[in-house]
2 protein chains.
Amino acid sequence: MKYKEYADDIARLIYGGELAPGQRLPSVRELGAQRGLSPVTVLKAYHRLEARGLIVARPRSGFFVAQRVPAPLPQPQPSRPVARATPVHKGDFIHDILYASKTPEVIPLGSAFPSPTLFPMARLARSMNRAMKRLDPWRAVTDLTPGSARLRQQLALRYQISGIALDAQELIVTDGALEGLNLCLQAVTRPGDSVVIESPTFYAALQTIQRLGLRALEVATDPAGGVDLQALENVLQRQQPAACWLMTNFQNPTGACMSDANKQALVRLLAAHNVPLIEDDVYGEIYFDGHRPRPAKAFDREGGVLHCSSFSKCLAPGYRVGWAAAGRYADVVQQLKLGTTLSTALPPQVALEDYLDEADYDRHLKTFRAALQDGRDALLEAVRDFFPEGTRVTVPQGGYFAWLELPRTVDTLVLHQRALAHNISVAPGAIFCAREDFSHALRLNYGHPEDRRINRALKWLGQQAAELAGTQAA
Amino acid sequence: MKYKEYADDIARLIYGGELAPGQRLPSVRELGAQRGLSPVTVLKAYHRLEARGLIVARPRSGFFVAQRVPAPLPQPQPSRPVARATPVHKGDFIHDILYASKTPEVIPLGSAFPSPTLFPMARLARSMNRAMKRLDPWRAVTDLTPGSARLRQQLALRYQISGIALDAQELIVTDGALEGLNLCLQAVTRPGDSVVIESPTFYAALQTIQRLGLRALEVATDPAGGVDLQALENVLQRQQPAACWLMTNFQNPTGACMSDANKQALVRLLAAHNVPLIEDDVYGEIYFDGHRPRPAKAFDREGGVLHCSSFSKCLAPGYRVGWAAAGRYADVVQQLKLGTTLSTALPPQVALEDYLDEADYDRHLKTFRAALQDGRDALLEAVRDFFPEGTRVTVPQGGYFAWLELPRTVDTLVLHQRALAHNISVAPGAIFCAREDFSHALRLNYGHPEDRRINRALKWLGQQAAELAGTQAA
């Protein structure tokens, strides 16, 4: 998907003013020669920019920067939550909102999942069949938690390839990342403790904090670059949290991704305060710019980072196979798992063993990422086209969520209700925080690029948002 | 397996004195005609009794009651625990003991599982293959918790067949019964609450009580007939427990089974005190006397019984498919499940859907029960033959555990250590109670009838027990 990266490079030059309105772009042949790109790649990049209104084609003259370049979408500002621990009472509320939209008739802009059609389900079924045919019945006993030894080796290898030395001993197979996160938080806290989370945060963190009788400590977060380290340091000095639960790569809901330097500083800071980091990295494989962002775990030397991920978001939804690399807490997490769900189902584990050995996971990931990137671009275009003046939106470099801030007067709980009555789901900002923040924010899912209903739904949503804002749609 | 039942009938008559030593038994032909049994059945029953030393064959004369009938094994007495709630601190201890014996080299007398070779794994793999080939990818979303609608209908139907009217709405598919039990207990308690359990009890109840910060209230229990209702009533009146967690059929570790009348009285008593019952019924299908014992759930009119079971013990180990029929707590349990493991893996659910539709589950169960009954008989015989004077043992009518009480001077933790050094696992009594009880008791697994190492291991164990008791082996 070189052409997309290349188009993004040019878009940045245009927005940055390095390429002025009306300026002629190098010809397809010139540029191809200069950059080592095939003419087809250059042409596809130009067509992409044309579709976004950034350049225009003049017959027999070539491509030129548009005279009126559409303004780039403004991005949301960093959050400024109250830095005081609070109990959470939102579990039921979150549940009710999310599960109001479970049926397939509802257009899934509020969904937590990408389209199931994007996964290699038939190939996985073949792997399942092969693996089950030769399954040794005793594995039902020998592969109890921490789980399949083979799968854990394969996982350790994938960590190694991305530059993280990891002993398979520290890996525990879990029922999706969600179980791993739950068990890890349980392993390092006691009721009454407070837990640092992002603002906004993944709602499951709030639900877990509530269930375990903990308190939430929301920390200022930049919707592009992630948690604010200065704000975090202040909190660590004053509040003695027992743990920190962050999503360092393509955060849900904002899409924020921390830089390597910030991740390294984060790990150092937490180690200095002896606070374990529970790192939710389920979107790390879904990157758009050509390389996988490293997790904070890559910088951990003391076993204080409990890294959780899964195959649910990028390979095998419904298989419920996740894992925790739980560092020096691995034994505790393993015991908690044995006492709560005993062990993760074996058939999905052996199917994945076979798939990872025999199929081309990385090729699937490539196609998958490209589909999601298309979804993102289509979403951003629709927001630009249909949403009212004053709307801000993140431009995620991975994952399948974007975060919108609408004009302050829009109550997205009202928008959610109206949308649901219209068979459209959205995820209102209120479910992503412990207090009453983000009432004008919205998480939108762009993981259904094949769904032809989406564009019309976005248009309708934009109109409703404009109406609620008391303005005209853009 | 009519001949086994018939042999048991005759054994009872002999032990009861209705058939006197030396008395001639009816001829095979007479009895066959009289009882409508085939001569082969009668002969098999007689051979069984002969093997147990209860009757002798005299050539050309027929079968006679033995002159010296071996004494029936004495059964353990009802427990008398301290009826005061106590926090539990045994989680790690239990874990260490159970997981010391995870490798297949260890002879599995302490195992929690029956032999994996007793299950129709190949037939299940065929069902898995068929179901995965035609799986609609959208089911990864539509079949989120509470789980597969088809499977829940099939479960509701099985309840109906055993006389329990149940709405599929109240069923939640869980990751094995263990998750169901955990979530149900969480749904009805808050930290600090006390929970009624049997004495001895299934160790997972202790682990869950510890993890949730609850207190254990152990109630007197008869190793044959289950919880003592009078003792329970006293506790309900004085201690205000928040919940009751019992295993009504073929209890782990004793094999106790409550009578229908007692189950009915139990449900009435708990309803009167407004205390929910968490009923663990994972062994209910493994009965030896021809009919499935009803669960307490069958007598529940107010939705106060949360009935948990699974396919792990009798059909599909490693599939991790269980369920909770959570009565009026179904919504709460469903929300807890969504927040902790999101959903049970789909492939095992659809494989079971296909299996239940297309295969003969009840035929498998018949063979399975017969194998376990053989295992039980062999175990009881070995205990009679090899264990020291003063040993007591339950005679379970189902499941795959028997409960031994050795002479008081035997410390079964020491026996456990010695056995493990000898590559034999046993489950010492200390892991089945919140306090320091049952130090001379042992749970033995008879679910590996095909394992030729078992008999020798039991002989060795009996000798060790005798040595520890300071007596000679019987």
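Letters A, B, ... are given to chains in the order of the sequence lines, protein chains preceding strands, and every chain is numbered from 1.
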Hey, is [atom1] on [X] packed in by over 12 heavy atoms from elsewhere, all under 6.0 Å?
X       : atom1 : result
D331(A) : CG    : no
R452(B) : CZ    : no
R190(B) : CZ    : no

What part of [X] is in contact with chain A, defined as an atom under 4.5 angstrom from a non-hydrogen atom: side chain, backbone, both or neither?
X       : value
Y319(B) : both
Q210(B) : neither
D136(B) : neither
P348(B) : side chain
L144(B) : both
T344(B) : backbone
T341(B) : both
T145(B) : backbone
Y99(B)  : side chain

**Test item: D175(B) and R320(A) side chains (from C-beta on) under 4.5 Å apart, heavy atoms** = no
**Item:** Close side-chain approach of P116(A) to V141(B), heavy-atom, < 4.5 Å
**Value:** yes
For chain B, which candidate among [options] shows the most heavy-atom pairs at distances under 4.5 Å?
options                            : value
A140(A), P317(A), P347(A), A125(A) : P347(A)
T340(A), L342(A), L346(A)          : T340(A)
L135(A), T142(A), V332(A), L98(A)  : T142(A)
N129(A), V321(A), L336(A)          : N129(A)

**Prompt:** Measuring from Q335(A):CD to D96(B):CG, what's the distance to the nearest 0.5 Å?
**Reply:** 6.0 Å
**Message:** Let's test your reading of the structure: which of R211(B), R126(B), M121(B) forms the most heavy-atom pairs below 4.5 Å with chain A?
**Reply:** R211(B)
**Message:** Just so I understand: if I count every heavy-atom pair under 4.5 Å between each of R139(B), K133(B), E179(B) and chain A, which residue has the most?
**Reply:** E179(B)
**Message:** Checking L338(A) against Q207(B) for the side-chain contact (heavy atoms from CB on, under 4.5 Å) test, could you report, in this order, the C-alpha distance in whole Å, the side-chain angles of both residues, the deciding distance, and whether it holds?
**Reply:** CA-CA 10 Å; L338(A) 280 165; Q207(B) 293 175 309; over 6 Å; no
**Message:** Treating N182(A) as the side-chain partner and G339(B) as the backbone partner, does any N or O pair qualify as donor plus acceptor under 3.5 Å?
**Reply:** yes
